[in-house]
Amino acid sequence: MEIKDIFGSRVLEQRKKMSLSQGELGAKIGLTHKAISTIESGKRGTSFEKLVELAYVFQVSADYLLGITDDPTWRGKPAD
């Protein structure tokens with residue numbers, strides 16, 4: 001599985017866990033619902049800054065979102 005596929009599927013999984021629409025997630029990080037859709041489908045990645053924002057929103061590690069680890073444990077500070 002390619003990194004974009006892993007990243008996209010994990011963004012989708014976490015978004016659904018939080019019961020957010022693509023539009024709601026996009027609004028939280030400054031992207032359109034269409035951009036979230038293309039990320040989830042693996043058609044595009046995202047910037048470092050948006051990756052960090054996604055990790056904060058989902059309270060999971062960026063390594064988990066990227067598929068580097070299967071451990072989603074958040075070790076950062078709480079989200080604002």
Side-chain angles (χ1 to χ4, degrees):
M1 186 179 283
E2 291 188 37
I3 289 174
K4 283 185 183 179
D5 295 335
I6 293 169
F7 177 65
S9 66
R10 290 194 172 170
V11 169
L12 173 63
E13 167 194 309
Q14 294 300 312
R15 178 178 64 79
K16 287 188 173 187
K17 272 187 181 179
M18 293 185 72
S19 300
L20 294 172
S21 70
Q22 290 176 335
E24 290 168 331
L25 176 58
K28 287 181 177 288
I29 65 167
L31 293 175
T32 65
H33 77 281
K34 186 169 180 133
I36 298 298
S37 175
T38 58
I39 289 169
E40 291 178 350
S41 68
K43 293 179 183 171
R44 74 171 266 192
T46 193
S47 69
F48 172 77
E49 292 81 9
K50 296 301 180 192
L51 170 63
V52 171
E53 290 183 47
L54 286 166
Y56 272 96
V57 167
F58 296 144
Q59 297 287 283
V60 299
S61 74
D63 285 350
Y64 174 74
L65 291 175
L66 293 171
I68 294 169
T69 181
D70 290 330
D71 178 8
T73 303
W74 173 254
R75 292 180 175 87
K77 64 182 182 177
D80 298 334

In terms of hydrophobic clusters joined by side-chain contacts under 4.5 Å, are L66 and L12 together?
no

Evaluate the side-chain contact (heavy atoms from CB on, under 4.5 Å) criterion for residues R10 and D70: first the C-alpha distance (whole Å), next the side-chain angles of each, then the deciding distance (0.1 Å), finally the verdict.
CA-CA 10 Å; R10 290 194 172 170; D70 290 330; 2.6 Å; yes

Nearest heavy-atom contact between A62 and A55 is N-CB, 4.1 Å

Report yes or no: does Q59 contribute a side-chain atom to a donor-acceptor pair with the main-chain N or O of Y56 at less than 3.5 Å?
yes

Check: S37 main-chain N/O paired with S41 side-chain donor or acceptor under 3.5 Å
yes

Would you say V60 and E13 make side-chain contact, with heavy atoms under 4.5 Å?
no

Within 45° of the ring axis of F58 and under 6.0 Å from its six-membered ring centre, is that where the NZ or CZ of R15 lies?
no

Salt-bridge present (K43, D5; N to O < 4.0 Å):
no

How many angstroms lie between OG in S9 and CD1 in I39, if you round to the nearest 0.5 Å?
13.0 Å

So how far is it from R75 CZ to D63 CG, rounded to the nearest 0.5 Å?
9.0 Å

Pick from K17, M18, Q22: which one makes a side-chain contact (heavy atoms from CB on, under 4.5 Å) with L20?
M18

Any side-chain heavy-atom pair of L25 and V11 under 4.5 Å
yes

Could you report the tightest heavy-atom contact between R44 and T38, atom names first, then the distance?
CD-OG1, 3.0 Å

With ring centroids as reference points, do Y64 and W74 lie under 6.0 angstrom apart?
no

T69 and D71 side chains, donor-acceptor separation under 3.5 Å:
no

One should read off an interatomic distance between L51 CG and T46 OG1, to the nearest 0.5 angstrom, of 7.5 Å

Look at the side chain of E53 and the backbone N and O of K50, then say whether any donor-acceptor pair between them is shorter than 3.5 Å.
no

